[in-house]
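Predicted model, so just to flag it, every value in this text is computed and none were measured. Chain identifiers are assigned alphabetically (A, B, ...) following the order of the sequence lines, protein sequences preceding nucleic acid strands; residue numbering begins at 1 within each chain. Values below: every heavy atom of this structure, side chains too, minus hydrogens, waters and symmetry copies.
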Protein chains: 2
Amino acid sequence: MSLHSRYHHGDLRAALLQHAEAALRTVGADGLSLRQLARDTGVSHAAPSRHFRDKQALLDALAVSGLERLGDCFEQAVTAGPITTRLQTFARAYLRFALDNPELLPLMFARRHSSTDTEIQAAAERAFAIPIALIAEGQAAGEIVPGDPKRLGVTALAAVQGLATFVGSGYTADYDSEQLLDDLVRHMTLGLLPRS
Amino acid sequence: MSLHSRYHHGDLRAALLQHAEAALRTVGADGLSLRQLARDTGVSHAAPSRHFRDKQALLDALAVSGLERLGDCFEQAVTAGPITTRLQTFARAYLRFALDNPELLPLMFARRHSSTDTEIQAAAERAFAIPIALIAEGQAAGEIVPGDPKRLGVTALAAVQGLATFVGSGYTADYDSEQLLDDLVRHMTLGLLPRS
DNA sequence: ACCTGAACACCGTTCAAGT
DNA sequence: ACCTGAACACCGTTCAAGT
C-alpha cells in the first residue's frame, strides 16, 4: 500500500457529507467528530478542513442537504382533492420527515449566529415555497381565509414543526402521533372556537 | 491562601447550576465545558462529577430548571377576560420565554434517549398543566370545542413552540414576531377555513 | 490543488489520594 | 462526604511539508 493510496481521488466533499449523514443518525450531532469522520472516509484528520472550514460549516452543509430532502418530500406530497386532505397530506409528509430525521431538524432550524446564512436561507425558502403555494391556491379558490400566503403558511408549518418537537421529546408518549396530527390539522382548519 | 480555601463550602451543586445557566447564555450549549464551569466556580475540574454524573446530567438539570421557570411564566399569564385574549396571553408568555431563552429550549425538548427521564417529564407535566387547565375551563364554558383538553392543549402549545422555532431560525426575519403570533392565535382559534 | 503528519490547546471521565 | 491532582483517551484547528 503506497502512500498514494491513502489519497481520496474522488469527490471527497461528497464522501464526507455522506458519511456525516450516517454518523448523524448513529451518534447524533454532539457525537459527530471530524476526526472520526475522516477515519470513516479513509483520509487524514486534517483533510476535511479543505472542504469544510470548521465543524459548523459541515453541520451547515448537512442542514442544506436536509432542507433539500424536505423539499423533495413536499413535492411528492402535492396531490389533488379537497383542500383539507391536501393540507393534511403536507402535514403528514412534514411530520414523517421530522420524526425520521430527528437529529437533522435542529441543524435545519439552528439559530443563525451572525450574518444571514444565505445558502441555508435559500434552501429553506425553496422547500417551504411548495406548501405556501398550496395556501395561495386555496385562497384563490376561496377555500382558505385571505391574507399573505407566506405569513399564513409559516403559521401552519410552525404548528406541524412544533408538534414534531413535542412528539420527539416524548412528552406525548401516551398519545399516537398520527392522531395528534389529525387533531392539529382539524383544529387549525376549523378553529378552536365553536362554529356556532 | 491555604489549600482549604479552594474548597467550596456551600451548595456547590446550586453554584454550578447558576454558573451553567450564565454560560449557556454566553457560549451556548455546545460551548459549555465542564472544566471551564469548574474554573468559573472556583473548584477543581473533577469536582462537578460529584453532583452531575456527566455532562448530560448537567444539561438535564438545566432543562428541569428551565421548565420550572416556564411554569412560573405560565402562572403569571393566568388572567381573566374573554377566552381569546386569555389564550393569547399564554401564547405571548410562551413565545417570549422561548425567544428569551433560545439555548434552553432545545435542552427542554431534547430527545430522551433511553428510559423515560422521569424528572424532566414531571417538570414538563407541571408547566404545561397550567395552559391545559385553561383549555378545560374554556370547554366547560362552551367557549372551546370539546375533546380531551390535554390533547387539545398539546396541539395549541405545539403551534406556539413551532413559531418560536421558526422565528429563532431567522427564516421569518422579514416579519415581526408579535404579528406572526397574533396571526397564529387568530388562525388557531378561528380556523383557516372561511366561516361561511 | 490536495492531502499528510506533527503540534497545540483544549476536552470529558476516572480514580487513588488527601482533608 | 467532598474535593484534589494526575492520568488517559479523545477532540478541533493550524501549518509546514510532501506529492
Nearest-Å distance for atom pair [atom1]/[atom2], residues [X] and [N]:
X	N	atom1	atom2	result
A:Asp30	C:dG12	CG	C1'	13 Å
A:Phe52	D:dT14	CZ	P	16 Å
A:Lys55	C:dC10	NZ	C1'	14 Å
A:Arg50	C:dT4	CZ	P	11 Å
A:Arg13	C:dA1	CZ	P	18 Å
B:Arg53	C:dT14	CZ	P	9 Å
A:Leu34	D:dC10	CG	P	16 Å
A:Leu58	D:dG12	CG	P	10 Å

Discussion item. With a 3.5 Å distance limit and no angle check, can you tell me whether A:Arg86 reaches the backbone of A:Thr79 through a side-chain donor-acceptor pair?
Written reply: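 Pair found, side chain donor or acceptor close to backbone of A:Thr79.
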Worksheet entry | Within 6.0 angstrom of A:Arg53 CZ, more than 12 heavy atoms from elsewhere |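 No.
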Discussion item. Are B:Leu99 and B:Leu70 linked, directly or through intermediate hydrophobic residues, by side-chain heavy-atom contacts shorter than 4.5 Å (ILVMFWY only)?
Written reply: yes
Worksheet item: Closer to the 5' end of DNA chain C via nearest nucleotide, is it A:Ala47 or B:Ser49?
Response: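 Nearest nucleotide further toward 5': that of A:Ala47.
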Worksheet item: Applying a 3.5 Å limit to both distances, which nucleotide forms a Watson-Crick or G-U wobble pair with D:dA16?
Response: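 Looking at the geometry, D:dA16 pairs with C:dT4.
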Practice prompt. Measure the acute angle between the ring planes of B:Phe128 and B:Phe109, then classify it against the limits of 30° and 60° as parallel, tilted or perpendicular.
Written response: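 Tilted: the ring planes of B:Phe128 and B:Phe109 meet at 30° to 60°.
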Worksheet item: Under 4.0 Å between a side-chain N or O of B:Ser33 and OP1 or OP2 of C:dG12?
Response: yes
Worksheet item: Within less than 4.0 Å of OP1 or OP2 of D:dC10, is there a side-chain N or O belonging to A:Arg39?
Response: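 The answer is no; no side-chain N or O of A:Arg39 sits under 4.0 Å from OP1 or OP2.
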Can you tell which of [options] lies closest to the side chain of [X]?
X	options	result
B:Gln36	D:dC3, D:dT4, C:dC11	C:dC11
B:Val43	C:dC2, C:dT13, D:dT4	D:dT4
A:His45	C:dA7, D:dG12, C:dC3	C:dA7
A:Ala46	C:dG12, C:dT4, C:dC11	C:dT4
A:Asp54	C:dC11, D:dT13, D:dT4	D:dT13

Fill in: Side chain A:Arg35 and base D:dT13 donor-acceptor under 3.5 Å
yes
Item to complete: Examine B:Arg69 relative to B:Phe97 and say whether NZ or CZ is less than 6.0 Å from the centre of the six-membered ring and inside a 45° cone about the ring axis.
Response: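 So B:Arg69 doesn't make the cation-pi contact.
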